[in-house]
Peer 1: 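Sharing a structure with you now.
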Amino acid sequence: MLDPRLTRTELEQTAVQLARRGFRLDTATIGALEARRKELQTQTQHLQAERNASAKAIGQAKAKGQDAAPLLAAVADLGDRLKEAEAQLTAVQDELNDILMGIPNIPHTSVPDGKGEGDNREVRRWGDTTQFDFTPRDHVDLGGGLGMLDFETAAKITGARFALMSGPLARLHRALIQFMLDLHTSEHGYTECYVPYLVNADSLRGTGQLPKFAEDLFALGGEHGYYLIPTAEVPLTNIVRDVIIEDVYLPRKYVAHTPCFRSEAGSYGKDTRGMIRQHQFEKVELVQVVRPQDSYAALETLTGHAETVLQRLELPYRVMALCTGDMGFASAKTYDLEVWLPGQQKYREISSCSNFEDFQARRLMARWRNPATGKPELVHTLNGSGLAVGRTLVAIMENYQQADGSIRIPQALQSYMGGKAMIGPD
RNA sequence: GGAGAGAUGGCCGAGAGGCCGAAGGCGCGCCCCUGCUAAGGGCGUAUGGGCCAAAAGCCCAUCGAGGGUUCGAAUCCCUCUCUCUCCGCCA
């Protein structure tokens with residue numbers, strides 16, 4: 001959520017900044033609602049003050065044994081008028097709040113302008129694209145050939161967009177998770193967390209998935225109304241919801257491995273082949289909660305932490321600065337990491353690292369006590385995939401494949417694979 | 001699933017229709033006193049919001065959440081959430 005002060009006093013300037021990302025701010029409606037809100041709030045508070053004053057007077061009169069009847073008569077209709085005013089105020093505030101909750105974050109000045117994916121800017125590139133003296137296959141053929149990756153059986157068990165892995169490939173998938181967690185905890189200073197995979201609506205509102213993106217989520221029926229997490233960002237970032245953090249405890253750096261569940265509504269013909277886009281996938285997620293003045297430096301280091309995973313695995317990638325039109329709803333600035341996939345002859349997204357500034361913090365009421373002012377102020381939140389495990393597995397399969405369909409195991413993972421250096425058809 | 005108890009400020013804890021944004025204590029901050037080992041005194045110490053150019057000031061809201069009763073609710077009534085104890089069940 002944006003600072004309501006922006007839509008109260010700097011409405012036009014805010015509209016200009018939001019237009020950069022293709023969002024049209026309805027300034028006429030907001031301006032009118034704000035004027036109405038102000039009027040109703042003033043009126044309501046006057047009536048409340050009147051009620052408080054007369055209630056006090058009645059109490060004092062009764063305490064002195066005086067007749068309170070005339071005082072009571074004077075406020076006879078006050079309750080009704082107050083109730084009416086409060087109802088109108090609530091209605092306007094709700095309407096305004098609905099609009100406010102649907103406004104995306106303002107892009108940082110360093111974010112390149114653009115409409116979509118094609119306007120993203122390459123920041124740097126690491127490694128050369130893998131060369132083969134045979135025609136490289138994609139992970140679906142490779143996994144199928146090994147008999148360790150099976151989409152048909154997964155479709156029988158559940159449906160489309162699920163995968164069944166088995167044997168050494170399933171172990172490699174698990175090894176990746178252990179490797180990433182060990183790297184981030186022991187070398188990058190993150191605190192490992194185990195978190196709930198089911199969350200309530202408040203948590204999803206806090207990080208910005210609700211109310212606008214309900215169709216992307218899997219919702220559980222029943223009395224609880226819980227949702228399956230689309231990313232560990234939700235439980236990890238919500239650790240600091242409604243919390244005032246003392247300065248000495250900043251920055252907070254959390255890492256968790258979780259499954260992620262996404263309905264992928266609206267992506268029907270996209271990436272239908274293989275493990276790239278699944279309803280369920282594993283991800284190791286990095287979250288940082290930092291002082292506002294530190295958040296842009298933190299975005300660079302956090303992105304670097306995710307890059308380290310790719311470098312240790314010796315997977316070629318590039319870093320893209322997302323343009324204004326391609327950024328997520330809550331983000332002020334995002335870098336995507338794209339890994340080279342020989343099967344597609346393309347760079348594909350494997351991590352997304354974002355600075356949300358105070359956008360999430362405001363919804364979360366996540367604050368720190370600023371020693372300079374002594375007051376609670378909003379923190380800045382960041383997160384990034386470190387990395388998407390399924391896609392990392394795909395990248396390893398495709399980049400480390402041999403002519404015979406076997407797959408070499410990257411050096412960094414061999415200790416997690418019981419010393420094995422190769423996955424072959426046996 | 002059954003039975004019971006509870007939720008008050010940074011923490012502990014009182015309060016049982018008006019004098020309560022809330023006693024008292026602890027902690028924390030500032031000031032004073034005293035130098036002889038560890039104390040004494042004073043003051044202050046929640047959050048969000050409105051009016052205002054801003055400050056000051058005034059006002060509103062908040063005692064787990066939401067509704068209700070009342071001129072007036074931390075206090076009475078209803079619903080929900082969470083915590084604890086006992087029993088059952090369970091990985």
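Note that the structure is predicted; figures quoted are calculated from it, not measured. All chains are named by letter (A, B, ...) in the order of the sequence lines, taking the proteins before the strands, and each is independently numbered beginning at 1.
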Peer 1: Walk me through it: do A/R277 and A/E264 pass the test salt bridge (Lys or Arg N to Asp or Glu O under 4.0 Å)?
Peer 2: CA-CA 8 Å; A/R277 192 175 301 274; A/E264 295 296 343; 3.3 Å; yes
Peer 1: Partner lookup for B/C76, please. Criteria are Watson-Crick or G-U wobble with both distances under 3.5 angstrom; report none if nothing qualifies.
Peer 2: B/G68
Peer 1: Rounding to the closest angstrom, what is the interatomic distance between B/C82 and B/G64 at atom C1'?
Peer 2: 7 Å
Peer 1: Would you mind telling me which of A/R252, A/R291, A/R369 makes a salt bridge (Lys or Arg N to Asp or Glu O under 4.0 Å) with A/D247?
Peer 2: A/R291
Peer 1: Report the distance from atom CD1 of A/I58 to atom C1' of B/G72, rounded to the nearest whole Å.
Peer 2: 7 Å
Peer 1: State whether the number of non-hydrogen atoms from other residues, nucleotides or ligands found under 6.0 Å of A/R273 atom CZ is greater than 12.
Peer 2: yes
Peer 1: Starting at CG of A/D242 and ending at C1' of B/G9, how long is that distance when rounded to a whole Å?
Peer 2: 16 Å
Peer 1: Could you work out the separation of B/U8 and B/G25 based on their C1' atoms and round it to a whole Å?
Peer 2: 15 Å
Peer 1: Should the ring pair A/H188 and A/Y190 be called parallel, tilted or perpendicular, given that the plane angle runs from 0 to 90° and is split at 30 and 60?
Peer 2: perpendicular
Peer 1: Using the C1' atom in both, what is the distance from B/A5 to B/A61, to the nearest Å?
Peer 2: 31 Å
Peer 1: Could you tell me the Watson-Crick or G-U partner of B/A23, where both distances fall under 3.5 Å? Say none if there is no partner.
Peer 2: none
Peer 1: In whole Å, measure the gap between the C1' atoms of B/G13 and B/A22 for me.
Peer 2: 12 Å
Peer 1: Looking at A/R369, does any N or O in its side chain come under 4.0 Å of the phosphate oxygens OP1/OP2 on B/G10?
Peer 2: no
Peer 1: Between B/G9 and B/G24, how far apart are the two C1' atoms, rounded to whole Å?
Peer 2: 14 Å
Peer 1: Tell me whether the side-chain N/O atoms of A/R51 come closer than 4.0 Å to OP1 or OP2 in B/A61.
Peer 2: yes
Peer 1: Which whole number of Å gives the distance between the C1' atom of B/U79 and that of B/C26?
Peer 2: 37 Å
Peer 1: Without decimals, in angstroms, what is the distance between A/L89 CG and B/G49 C1'?
Peer 2: 11 Å
Peer 1: How long is the straight-line distance from OG1 of A/T237 back to CD of A/E285, given to the nearest 0.5 Å?
Peer 2: 7.5 Å
Peer 1: Does CD in A/Q178 sit with more than 12 non-hydrogen atoms of other residues, nucleotides or ligands closer than 6.0 Å?
Peer 2: yes
Peer 1: Which nucleotide, if any, forms a Watson-Crick or G-U wobble pair with B/G15, using both distances under 3.5 Å?
Peer 2: B/U8
Peer 1: So, is A/K38 close to the B/C51 phosphate, meaning a side-chain N or O under 4.0 Å from OP1 or OP2?
Peer 2: yes
Peer 1: Only pairs with both distances under 3.5 Å count, Watson-Crick or wobble alike; so what is the partner of B/U62 in this structure?
Peer 2: B/A46
Peer 1: Below 4.0 angstrom from OP1 or OP2 of B/G67, is there any side-chain N or O of A/K83?
Peer 2: no
Peer 1: A/R241 has an atom CZ; how far is it from atom P of B/A65, in whole Å?
Peer 2: 14 Å
Peer 1: With rounding to the nearest 0.5 Å, note down the distance linking OG in A/S203 to CG in A/L198.
Peer 2: 11.5 Å
Peer 1: Using purine N1 to pyrimidine N3 plus N6-O4 or O6-N4 for Watson-Crick, or N1-O2 and O6-N3 for G-U wobble, each under 3.5 Å, what pairs with B/G35?
Peer 2: none
Peer 1: Atom CG of A/L82 to atom P of B/G68: distance rounded to whole Å?
Peer 2: 12 Å
Peer 1: Quick check for you: among B/G49, B/G48, B/C71, whose closest atom lies nearest to any side-chain atom of A/Q45?
Peer 2: B/G49
Peer 1: Quick one: label A/R5 by what it contacts on the DNA or RNA (base, sugar-phosphate, nothing), any heavy atom closer than 4.0 Å.
Peer 2: nothing
Peer 1: Who is the Watson-Crick or G-U wobble partner of B/C51, with both distances under 3.5 Å?
Peer 2: B/G57
Peer 1: May I ask which nucleotide in the shown strands pairs with B/C89, Watson-Crick or G-U wobble, both distances under 3.5 Å?
Peer 2: none
Peer 1: Can you check the distance between B/U37 and B/G21, where both ends of the measurement are the C1' atom (answer in whole Å)?
Peer 2: 41 Å
Peer 1: Say we look at B/C28 and B/C87: how far apart would their P atoms be, to the nearest angstrom?
Peer 2: 41 Å
Peer 1: Give a yes/no on whether any side-chain N or O of A/N52 is located under 4.0 angstrom from OP1 or OP2 of B/C59.
Peer 2: no
